[in-house]
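Structure record follows, encoded as structure tokens.
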Amino acid sequence: MKLAPRFAPWARRTAAACAALALAAACAACGGQDSNDAQAQSLTIAWWGSQGRNDKQKQVDDLFLQEHEGVNIDGQFSQYGDYWQKLATGAAGHQMPDIVAMDLPYLNQYVGNGLIQDLTPYIDDGTIDVADVPDAVLDTGMVADGGIYAMSSGVNAPAVIYDRTLLDSVGIEVPDDWTLDDFTDICRQVYERTGTKTNAGYYRDANVLEYLLRADGATLYSQEGLAVQDPAAVEPYFAMFQDGIEEGWHLDPTIFTEINLSVMNQDPLVSYADNAHRSWCAFGWSNSLGGMQSLVTNGDDLALAPWPSDDVSRSNYVHPAQYFAISRDCANPRLAAQWIDFYLNDERANQIMGVDRGMPANETMVERISGDLSADDLESIAFVQDVVTPASSTINPPAPAKAVKINAAIMPSIQEQLLYRRIDAAQAAERFIDQAGGVFNQ
Amino acid sequence: MERITTSAADGGDARTAGRLRAFLERESTAGVVCALPFIIGFTMFLLIPMVLSLYYSFTDYSIVSGPVWVGARNYVTLLTGDPLFWQSLGVTVMFALVSVPLRLAFALAVAMLLARPTPLTGFFRVAFYMPSILGGSVAVAVLWRRMFAQDGVINAVLGMFGIESHFSWLGSPATAIWTLIALSVWQFGSAMIVFLAAIKQIPGDLYEAASMDGAGAWRQFRTITLPLLTPTIFFNLVMQAISGFLAFTQCYIITQGKPLNSTLFTMVYMYDTAFTYYQAGYASAMAWVMLLVIGVMTGILFVTKRFWVYDPDR
């Protein structure tokens, strides 16, 4: 006995025909992968940044296209955190964009797994002209095997971006050389006299801690793990948060649950006018000055100071703002190299970008474009050239790959527990050593 | 000699063609072909990824590098050395335990109201279903965050009733999870539709007989509607509980687990582990433990079934 209804013959034949068609379509799709000329002449470029950066980048790309007819550029930008998620999945699927932005914490990982190409051949044959790029800047893209895998798009420096108008109004001056105690003193004074609170780099990575450790010649990471073992060494940093919340001058942690800190226009320095939410400063990088200033609504002038440290000149460093690298999946690396060269050495491109990705890596450009730059961009360049460069030390080697979890989860979470007053600074220091060390055993 | 070979070949061709024809005309061929879209989809998007993730769960796999076999290490770390996983599991279980019954109660109540045909019933059904379509979206999640902000709509409405409030709903560990539960309960539409269909299946003469015996509306609901709906409630409970355990968007967009990880869903922790911390092997292990947890939970629900679900065959 048959339970299933019989298929009519036409239905069977239709089904068979459909199957044949589907197979044929699948085969055609597989065969369609042959790269033709049109495809080879396209460039996909991915980076992190804001809409403002995207607008500038688009103009640079258009200029490049005028010189390279028949080429097609697809620019893709995301927020910092999302960018690395997209890039990793692209790498796993062998579909990375042709040119990718790189950052120091990720450089070794991408080089080590063969995901980005050595630029040395293109530098040697002149495709990428580095004559005007200082060796110190060029070397930041060099890895252990001596190859240069990433080209710095420009340099910046750690900076406290602060509301100078507000501080002037109460007669407080921020020095170019200040200790952590000076910083907390100013926080207290600003709070007492104006009611404005402080965001002391809350819910952020371990960069500030690493900066403070450099004052004593210590590093946060060794090649393979956490270099710091003594909780006492990291406690002063956490004590700052504890003092801030106990004395009332640090912003309440609840306001950070309502904003997205990776978006510049939600930063407490610029996005609020009321004292419950507003901060007089932000821990960031020198190249953000122009962007931050453009978001200020009350007309206040922002200015730059180094991050505080017991020894600023030992702590401070010049830092590659963002790198460009050519990915393993790039079909036309020569064209990609030409684009990097254009970005680096074309005067118009430099005029457009200004210091958006840091002070231009090409030294001669700084002077040539200075006439076109905004006051904030000039201020940012002067900060790197006159304040940081004379009083700084060589940047630490990149952190081990697993440090990403410390920056993205462990450090923010400990700062959070401090500000919610679940733990004190001593416990925070112990937890940090314990949990950050544990990451490397996972 | 040559002729013989040729004719044998001819015969062979004819036989092959005949066999192909017979194969195409066979019923099982048509069945398989019709099922092919599912089979291909299932294999490519479910079976292969699952097998791969099972393999990855025994490796150290950073996505950007190749997987390296580490045996059961990921599982050992997960079960013995990762308090955050247990924290997130606790949050997820709490979220599911509270939001699913609330959502079902809501869905049933609204379905009862909409069961009676009136001129506007169609409109209301669509209107009440709407949140189910919108509620999982990023736009609503962003909206939700604004609503519960210190200067948001909720505090403004409280202010209208004379309760001046600058309370941070999202910033307080005690209340943040409830904003997510509220959003989840609001998405009661699909359960409501299923209830609505089941309510219409209940024979009218039961109610007729009951009202003749003097049973009021509440009693009718308790002794007729509710018992006859238990199979539907069970179905909804299982489906919604599973989706409760898999909740992701609300946490990912609205709270990111903040504050103090009080809203960190396991799915978000897993996602971050794989794609932010680049520990895809460890995240895969997490996924398999979650599968086990959900399996056990569903199993328990099925065991309780015979105590409270109406079964006409028994």
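Each chain gets a letter, A, B and so on, in the order the sequences are listed, and its residues count up from 1.
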Aromatic ring pairing B:F58/B:Y75, orientation class (parallel under 30°, perpendicular over 60°, tilted between): tilted
Parallel, tilted or perpendicular: ring planes of B:W169 versus B:F167, cut at 30 and 60 degrees: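 Aromatic pair B:W169/B:F167 classed perpendicular.
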Which portion of B:F23 sits near chain A, non-hydrogen atoms under 4.5 angstrom: neither
Interface moiety of B:S65 toward chain A, non-hydrogen atoms closer than 4.5 Å: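 Both backbone and side chain.
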Interatomic spacing from CG in A:D252 to NE2 in A:H250 - rounded to 0.5 Å: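 Reported to 0.5 Å precision, the distance equals 10.0 Å.
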Point-to-point distance, once rounded to the nearest 0.5 Å, from CG of A:L226 to CD1 of A:I433: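 Rounded to the nearest 0.5 Å, the CG-CD1 separation comes to 5.5 Å.
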Leading residue by heavy atom contact count with chain A [cutoff under 4.5 Å; candidates B:T276, B:V32, B:V70]: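 Heavy-atom pairs under 4.5 Å are most numerous for B:T276.
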Chain A interface, residue from B:L170, B:L84, B:D151 that has the most non-hydrogen pairs under 4.5 Å: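 Most heavy-atom pairs under 4.5 Å with chain A: B:L170.
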Criterion ring-ring contact (aromatic ring centres under 6.0 Å, His included) against B:Y56, the qualifying member of B:Y61, B:Y282, B:W288, B:W69: B:Y61
Among B:F248, B:F245, B:F85, B:F95, the one residue meeting ring-ring contact (aromatic ring centres under 6.0 Å, His included) with B:F265: B:F95
Side-chain (B:D60) to main-chain (B:V68) donor-acceptor, under 3.5 angstrom: no
Per-residue contact mode, [X] against chain B (heavy atom under 4.5 angstrom):
{"X": "A:Y106", "value": "side chain"}
{"X": "A:A409", "value": "both"}
{"X": "A:I406", "value": "neither"}
{"X": "A:D82", "value": "side chain"}

For chain B, the option from A:Y203, A:Y420, A:F256, A:Y110 that forms the most heavy-atom pairs under 4.5 Å: A:Y420
